[in-house]
Amino acid sequence: MNSHLLSGLNPEQRAAVELPAQSALILAGAGSGKTRVLTTRIAYLINTGQVSPHGVLAVTFTNKAAKEMVTRLSAMLPINTRGMWIGTFHGLCNRMLRAHHREANLPQTFQILDSGDQLSAIKRLMKSMNVDDEKYPPREMANFISSNKEQGLRAHEVEAYDPYTRRKVEVFAEYDAQCQREGVVDFSELLLRCYELLSRNAALREHYQDRFKHILVDEFQDTSPLQYRWLKLLAGRSNALFAVGDDDQSIYAFRGANVGNMQDLLRDFHVESVIKLEQNYRSHGNILDAANALISNNRNRLGKNLWTSESGGEQLRVYEAARDVDEAGFIVDEIKQLHREGVNLKEIALLYRSNAQSRVLEHALVSAGLSYRVYGGLRFFERQEIKHALAYLRLMENTDDDNALLRIINFPTRGIGARSIEQLQEAAKMNSTTLWDAAARAGGKVSAFVALIESLRSATKDLPLPEIIDHVLEHSGLAEHFKNETGAKKREAEERLENLNELINSATMFVHENEDDSLTAFLTHASLEAGEHQAGDQDDALHLMTVHASKGLEFHTVFITGLEEGLFPHQNSQNVDGGLDEERRLMYVAITRARRRLYLTFAQSRMLHGKVSYGMVSSFLRELPDELLHWLSPRFVARKSFDSYLPPSADASFGAAPAPARADAGIWRIGQRVFHQKFGEGVVTGVEGGGADARVQVNFKHAGSKWLALEYAKLTAA
DNA sequence: CGCACGTGGTTTTTT
DNA sequence: ACCACGTGCG
């Protein structure tokens, strides 16, 4: 009965699916059928009676991936996937913590702080602790706390040898105490708390170890140390951990991912079988050859080479533009041509390293009347009006949630000013209570607010979820507030009202799709699934997104734009250990998104932070074999190498584009290798100013990064 | 309380 | 260039 499951799998995929019940690492290259192997493995285990659906735990990073797995599994097996433990790390930890909230020392209705909530909680705390927010930027503090938790560390476990770090540790400790008082947890707390729950409570740990005979992990290269420890704990001595990942696509080290987990897994789980999935079903040969050539420049790889049974296909098309706007113009022309040839717009992606680059592209697309969609902006549950509505609901659920209270105590305005709020905070601090308790004892407008929340709560006690929300919107004054808006803000307010209505719709959907249709469950859903970027695959529109956001997707045609030294690879990666390698993996991800056609474009100059800046072609382009590239810009037709690169002004014959306004920083360009009498070797990382003020920034091998005034500094090309 | 203006920062991001 | 945030005034 498994023949239909296994048919169509190549030998390696099949070997992975049919592995005996032991831990394994599947090195799955881009486009090698990774998700298919993962889901087929689960179906196979269940079908062969090796495990019941009840005994499987499958974990992913995104809700999208989890959903996809469930959908595919349902198509393969006639089982109810609803109760199965398939989800994100955060989703599964949340589930365990809810089930054992007492043991985890949490209220049953604990709420989840998203990154924005976390930041405001930290700001508030720092104010009350009198911490200087110039010396300790709240954002940095949030990072400090989260990254320590991702390492599995509590405040008292952090090594602090200097007063600066010690102060941060104090805030860390106080922050956790504040969250505990308020009955809220942030994202990393969800994981750490769950880890601690399992590690301290032997009975619980053994219960889950007995249950989950097979643990499957997607995108294993993206796991953090804490996530890995959590997996190890659940796997225990005898369960099988089936990890699928690709070290070459590890692009999230900056947020705590640890590729080293792959090596550790081999050692810790005595993995005998590493299976490599190297056959690619996505791209033509030249695209894969380019990807392979590029990534071979990285050291410390587990080693993998993608191949395809398809033909080589086209060469990669390279285009150099004078300015960013010309780059955009070229892209528009090519897209129009492709569209005429019958390629759907939604089969074309424009990728860039950083979000700011979308602006110029968007401008050109609008002028040309091409429809597009930018992926990755603000998400539904992160919109201001939605967060306000949710804050009412959260406060009704859990009055200890100071964050929620502060957000809405004066929104819409009800005459409770900064002064009254300060008094509340002082009173709460004095009596070590929450703001709600302090508010309950206050009079006047504050007590009216307390009464409002209480009346919302009692009036909605027995209502179904969508009606609760409807009632709150109508009686909190939120809907009213936006309805009354006039003048310049009218349109904006109308949109916000629409979004609030959409919130009711999403609650209706939620009730239909979930067994647990409580308010708490919905609020959790809102925190953990910030809302898919509006779907809408129906209309034919171009895809614009960062390279990061493109991971996992594929397109007929891909444009990788802004291939300039300093942009991609990004100059900030220069100072980070292993930074360049991660940038190269990012480029590898970008290249492997393309099925048939790949454009690589760059510009000699572009607007950056409000100034024109000049860059050199990306070193990544130089790492691609010449024979795979087809130069579309005239300049380089006769030239095979970049070594004789000249500033734009030196070549008057270039195209018809107007010459860019020239910086007097002369011939120095970002990415250029230089030599200085005193500081030695370095690379130009910035160019600015003109005339006597012209300066270049150079990152010296030994002397570090410096700004040099060109009038005085003696720089030579190296 | 709310708006106007000034200032600083500006890679990537899911949960 | 652009946006988010904070301060000071009406």
Side-chain angles (χ1 to χ4, degrees), chain A residues 59-66 87-94 112-120 123 133-134 137-139 143 146 149-150 185-191 194 219 222-224 226-227 250-257 324 351-360 363 375-379 381-382 384 410-421 445 487-489 524-533 545-552 562 566-576 579 582-583 585-587 589-590 606-613 686:
Chain A
V59 57
T60 63
F61 274 86
T62 64
N63 292 299
K64 197 173 155 200
T88 63
F89 280 100
H90 296 84
L92 297 175
C93 286
N94 170 66
I112 299 164
L113 302 185
D114 68 21
S115 342
D117 298 330
Q118 185 191 28
L119 194 64
S120 43
K123 282 183 185 163
D133 61 359
E134 301 239 303
R139 219 165 253 298
N143 265 332
S146 296
K149 287 189 185 178
E150 286 289 346
V185 297
D186 62 39
F187 286 132
S188 30
E189 181 70 24
L190 227 32
L191 305 178
C194 186
E219 306 274 16
D222 287 335
T223 48
S224 69
L226 175 58
Q227 286 162 338
S250 159
I251 55 174
Y252 287 114
F254 71 92
R255 65 171 200 221
D324 47 4
L351 308 185
Y352 34 81
R353 176 64 179 83
S354 61
N355 282 307
Q357 290 167 252
S358 76
R359 191 162 296 280
V360 178
H363 185 81
Y375 287 78
L378 197 58
R379 275 165 316 176
F381 288 111
E382 283 169 355
Q384 192 206 114
N410 200 35
F411 192 94
T413 44
R414 42 178 74 89
I416 302 176
R419 200 57 231 283
S420 334
I421 292 174
K445 290 166 176 165
K489 288 195 166 173
T524 299
H525 165 82
S527 304
L528 290 184
E529 300 188 38
E532 307 291 287
H533 320 290
M545 64 187 88
T546 63
V547 180
H548 280 93
S550 75
K551 194 166 116 176
L567 240 202
F568 195 4
H570 199 277
Q571 54 175 301
N572 290 8
S573 69
Q574 285 227 341
N575 313 313
V576 182
E582 178 143 324
E583 293 287 307
R585 291 193 291 270
L586 201 48
M587 180 67 180
V589 168
R606 76 171 59 237
M607 241 359 181
L608 234 88
H609 312 318
K611 289 189 200 116
V612 179
S613 81

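Note: hydrogens, waters and symmetry copies are ignored here, and every other heavy atom, side chains too, is used.
Under the 3.5 Å distance criterion, the side-chain polar atoms of A:Glu529 are left unmatched by any main-chain donor or acceptor of A:Asn63. Under the 3.5 Å distance criterion, the side-chain polar atoms of A:Glu582 are left unmatched by any main-chain donor or acceptor of A:Gly579. No donor-acceptor distance shorter than 3.5 angstrom exists from the side chain of A:Asp186 to the backbone of A:Ser146, with no hydrogens or angles considered. Judged by distance alone, the side chain of A:Thr413 and the main-chain N or O of A:Asn410 form no donor-acceptor pair under 3.5 Å.
Between B:dT11 and C:dG6, the two C1' atoms lie 25 Å apart (nearest whole Å). Separating the P atom of B:dT13 from that of C:dA4 is a span of 16 Å, rounded to the nearest Å.
Nucleotides of DNA chain B nearest to A:Phe187 and A:Glu582 differ in position, and the one nearer the 5' end is that of A:Glu582.
One can place CZ of A:Arg139 at 12 Å from C1' of B:dT13, the figure rounded to the nearest angstrom. Following rounding to the nearest Å, A:Leu567 (CG) and B:dT11 (C1') show an atom-to-atom distance of 10 Å. The CZ atom of A:Arg255 sits 8 Å away from the P atom of B:dT15 (whole-angstrom rounding). For A:Gln118 and B:dT14, the CD to C1' distance is 13 Å, given to the nearest whole Å. Look at CG on A:Asn410: it is 8 Å from C1' on B:dC1, rounded to the nearest Å. Taking atom CE of residue A:Met545 and atom P of nucleotide B:dT13, one finds them 11 Å apart after rounding to whole Å. What separates CG of A:Leu190 from P of B:dT14 is a distance of 17 Å, to the nearest Å. For the pair A:Asp133 CG and B:dG8 P, the interatomic distance rounds to 14 Å; values are reported in whole Å.
You'll find the side chain of A:Leu351 reaches within 4.5 Å of the side chain of A:Met545, heavy atoms only.
Under the stacking criterion of a centre-to-centre distance below 5.5 angstrom and an interplanar angle below 30°, A:His570 sits stacked against the six-membered ring of B:dT11. Applying the 5.5 angstrom centroid cut-off and the 30 degree plane-angle cut-off, the aromatic ring of A:Phe254 is stacked upon the base of B:dT12.
Side-chain atoms of A:Ser115 and base atoms of B:dT13 include no donor and acceptor less than 3.5 Å apart.
Across all strands, A:Ile416 comes closer than 4.0 Å only to sugar-phosphate atoms, never to a base (heavy-atom distances).
The side chain of A:Thr546 lies closest to B:dT13, out of B:dT13, B:dG2, C:dA1. The side chain of A:Ser354 lies closest to B:dT11 when the candidates are B:dC1, B:dT15, B:dT11. Proximity note for A:Asn572 (side chain, C-beta onward) versus B:dT11, B:dT15, B:dT13: the nearest is B:dT11. With B:dT10, B:dT15, B:dT12 as the candidates, the nucleotide lying closest to the side chain of A:Thr62 is B:dT15. Residue A:Asn355 has its side chain nearest to B:dT12 when only B:dT11, B:dT12, B:dT15 are considered.
Proximity of A:Arg585 to the phosphate of B:dT12: no side-chain N or O atom is located under 4.0 Å from OP1 or OP2. Contact between the side-chain N/O atoms of A:Ser188 and the OP1/OP2 oxygens of B:dT15 is not found at any separation under 4.0 Å.
A:Glu150 and A:Arg255 are not joined by a salt bridge, as no carboxylate oxygen comes within less than 4.0 angstrom of a charged side-chain nitrogen.
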